[in-house]
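Accompanying notes for the structure given below.
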Amino acid sequence: RMRRALQEYVIVGIKTTVPFFNWLLVQPEFLSGQFHTTYLDEILKERNGAPFVPSEPAHEDLAAIAAAVQAVMAPGALASPSMERRVPTPAAAGRWNLRARAEGLR
């Protein structure tokens with residue numbers, strides 16, 4: 001049931017753990033209960049950072065369009081006389097925020 005429920009999700013534009021759990025729930029050792037405390041570390045190391053689901057160009061385009069629409073429709077986005085939106089400086093954005101943005105661009 002869990003596998004079916006996870007497969008019904010369609011989430012684009014952001015990273016989620018859904019693809020990871022879809023992958024994990026079909027691993028033979030996991031299904032048979034033949035795993036140990038370092039099992040996950042070992043199988044993830046074997047993957048060598050490979051993504052759990054390939055990104056599709058159509059989804060990437062859709063996510064970019066949605067982000068642009070959200071930026072324009074945000075309150076105050078077009079409030080300045082020059083119609084330019086204020087962008088926070090790196091110092092104001094915070095380290096965790098900048099890291100998340102960098103990760104999202106990979």
I'd like to check the side-chain hydrogen bond (donor to acceptor under 3.5 Å, both in side chains) partners of Thr38; sequence neighbours left out, ordered by chain and number.
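Result, side-chain hydrogen bond (donor to acceptor under 3.5 Å, both in side chains) vs Thr38: His36, Glu42.
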Sorted by chain and number, sequence neighbours left out, side-chain contact (heavy atoms from CB on, under 4.5 Å) with Asp61 holds for none
Residues at least two apart in sequence or cross-chain that pass side-chain contact (heavy atoms from CB on, under 4.5 Å) with Val69, listed by chain then number, are Ile65, Met73
Partner set under salt bridge (charged side-chain N to carboxylate O under 4.0 Å, His left out) for Arg4, not counting sequence neighbours
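Once residues adjacent in sequence are excluded, the partners of Arg4 under the salt bridge (charged side-chain N to carboxylate O under 4.0 Å, His left out) criterion are Glu8.
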Would you name the heavy atoms of Arg3 and Leu25 that are closest together and state the gap between them?
->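 Scanning both residues completely, I find the closest heavy atoms to be NE-O, 3.8 Å.
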- Phe21 and Leu44: same hydrophobic cluster, using ILVMFWY side-chain contacts below 4.5 Å?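 Yes; tracing contacts between hydrophobic side chains, which count when under 4.5 Å, links both residues.
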*asked:* Taking Met2 as the starting point, is it possible to reach Tyr9 by hopping between hydrophobic residues whose side chains are less than 4.5 Å apart?
replied: yes
Taken in chain and number order and not counting sequence neighbours, the residues that satisfy ring pair (Phe, Tyr, Trp, His ring centres under 6.0 Å) with Phe52 are Phe20, Trp23
Residue set satisfying ring pair (Phe, Tyr, Trp, His ring centres under 6.0 Å) with Phe35, at least two apart, ordered chain then number -> Phe30, Tyr39
